[in-house]
Number of protein chains: 2
Amino acid sequence: MHDRRHSAEPDIESLMGQFHAYLSKKQLKSTRQRDLIAQKFFAAHGHISIEELLNLSRAENPRIGYATVYRTLKLLAECGLAAQRRFGDGQTMYETAGDTEHHDHLICIECQHVLEFQNDDIEHEQERVARSFGFSLVRHRLELYGLCPRARGIKGGWCPNEEQRKLSD
Amino acid sequence: MHDRRHSAEPDIESLMGQFHAYLSKKQLKSTRQRDLIAQKFFAAHGHISIEELLNLSRAENPRIGYATVYRTLKLLAECGLAAQRRFGDGQTMYETAGDTEHHDHLICIECQHVLEFQNDDIEHEQERVARSFGFSLVRHRLELYGLCPRARGIKGGWCPNEEQRKLSD
DNA sequence: CTTTATGCAAATATTTTGCAGGCGC
DNA sequence: GCGCCTGCAAAATATTTGCATAAAG
């Protein structure tokens with residue numbers, strides 16, 4: 001298991017590649033709008049709402065409409081690169097999924113930042129569980145929510161928030 | 001519509017108690033409709049949509065309206081007994097929360113249905129991972145996406161979709 | 001060229017709200 | 001009784017769809 005911090009850019013290239021592969025497999029077209037929306041979506045990496053995505057996209061191409069964002073997100077969901085999610089009363093959010101290197105997330109509920117990790121024992125066990133129900137496992141999502149050392153009040157405790165700031169500057 | 005059964009009656013009494021406690025703390029009233037909806041909701045235990053809940057409730061009291069279901073679910077969410085959730089492209093679902101038992105989800109990407117499971121090895125490993133980063137673990141979410149036997153094309157394969165129909169009395 | 005996408009607006013679906021009686025307390 | 005609740009319908013949101021035109025392969 002190893003700790004992998006996010007640097008500014010996640011693996012957008014690879015995700016765009018998967019998206020394009022899906023489009024051509026389905027004989028669908030790759031367009032300026034789809035690419036723009038997908039890029040913005042992948043770049044947001046964590047969570048993003050339809051509206052935020054529309055606004056980000058419009059910043060570069062003001063003529064983009066709601067329908068295109070919905071339609072693109074639907075495609076991304078079909079190929080497992082996006083997943084719809086709803087928290088509390090808020091709006092519908094989408095998040096990235098199906099990353100090739102399936103790292104899981106460790107999230108501090110205090111400072112909101114996200115670390116990634118991989119753990120083979122857990123992965124194996126997931127396989128076993130799926131098989132025990134007769135399922136074949138396609139992908140998974142694992143998120144651990146907790147408090148980072150700083151948030152727990154440990155003096156001089158390490159905090160992913162600051163750690164990331166250091167890394168990205 | 002069909003409802004989902006769970007072997008042992010979950011702790012509905014206790015959940016209703018928590019709900020009533022919340023109502024009186026907030027000086028809100030306990031009504032026939034609220035109780036009915038909450039009971040149906042708790043009895044469903046796993047996942048239920050607004051519409052299913054409305055139908056179950058109307059089976060006993062046909063005059064119940066959408067608005068009351070929405071309002072009751074909002075109350076349940078406020079006191080932490082329900083949580084909104086959305087899987088795949090499907091409808092908005094609600095699930096019980098704040099229950100002692102925690103369930104992870106196994107979801108068929110073909111038929112969209114959701115099974116719950118628990119696996120102690122995974123839970124332990126999650127603890128270990130969090131600790132190794134200096135985090136204290138508060139909660140987690142684990143979702144496995146895959147194909148059920150039927151969806152995989154296994155002849156006579158078992159499908160959670162149908163299984164549930166069978167189970168419902 | 002042929003086929004699929006886009007953007008707009010209109011159609012649907014979903015959720016919330018206002019209000020005139022009803023019902024808990 | 002007083003004040004919160006309910007059911008209904010209308011309003012506000014959110015999402016999907018139809019269609020003429022534009023762009024991709």
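We name chains A, B, ... by the order of the sequence lines, and we start the count at 1 in each one. Everything numeric in this text was worked out from a predicted model, so none of it was measured. Atom set for the values below is all heavy atoms of this structure, side chains included, hydrogens, waters and symmetry mates excluded.
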Between dG7(C) (P) and Arg58(A) (CZ): distance, integer Å: 9 Å
Nearest-nucleotide 5' precedence on DNA chain C, Leu28(B) against Ala67(B): Ala67(B)
Separation of atom NE2 in His20(A) from atom C1' in dA5(C), rounded to whole Å: 14 Å
Glu78(A) and Lys74(A) ion-paired at < 4.0 Å: no
Under 4.0 angstrom between Gln33(B) side-chain N/O and dG22(C) OP1 or OP2: no
Side-chain donor/acceptor of Ser24(B) to backbone N/O of Gln27(B), under 3.5 Å: no
Partner of Glu123(B) under side-chain contact (heavy atoms from CB on, under 4.5 Å), chosen from His140(B), Arg128(B), Gln118(B): His140(B)
Nearest-neighbour nucleotide for the Thr68(B) side chain, dG25(D), dC5(D), dG7(D) considered: dG7(D)
Interatomic distance where CG belongs to Asn61(A) and C1' belongs to dA5(C) [whole Å]: 13 Å
Separation of dC23(C) P from Gln27(B) CD (nearest whole Å): 23 Å
Lys40(A)/Glu52(A) salt bridge by N-O under 4.0 Å criterion: no
Residue Ser30(A), side-chain atoms from C-beta onward, closest of dC25(C), dT14(C), dG25(D): dG25(D)
Whole-Å distance separating the NZ atom of Lys25(A) from the P atom of dT4(C): 17 Å
Phosphate contact (dT15(C) OP1 or OP2) by Tyr70(B) side-chain N/O below 4.0 Å: yes
Side-chain N,O (Thr31(B)) to OP1/OP2 (dC4(D)) below 4.0 Å: no
Minimum heavy-atom distance between Ile122(A) and Ile122(B), given as atom pair plus value: CG2-CG2, 4.2 Å
Side-chain N or O of Arg34(A) closer than 4.0 Å to phosphate OP1/OP2 of dT6(C): yes
Closest to the Arg63(B) side chain, choosing from dC8(D), dT15(D), dC23(C): dC8(D)
Distance, rounded to the nearest Å, where Leu54(A) contributes CG and dT6(C) contributes C1': 13 Å
Length of the CG-P vector between Leu53(B) and dT14(C), whole Å: 15 Å
dG7(D) base / Arg71(B) side chain donor-acceptor hit below 3.5 Å: yes
Integer-rounded Å distance: dT16(D) C1' and Ile50(A) CD1: 12 Å
Earlier contact from the 5' end, DNA chain D, for Pro62(B) and Tyr66(A): Pro62(B)
Candidate nucleotides dG7(D), dC23(C), dA24(D), ranked by approach to the side chain of Arg32(B) - the nearest: dC23(C)
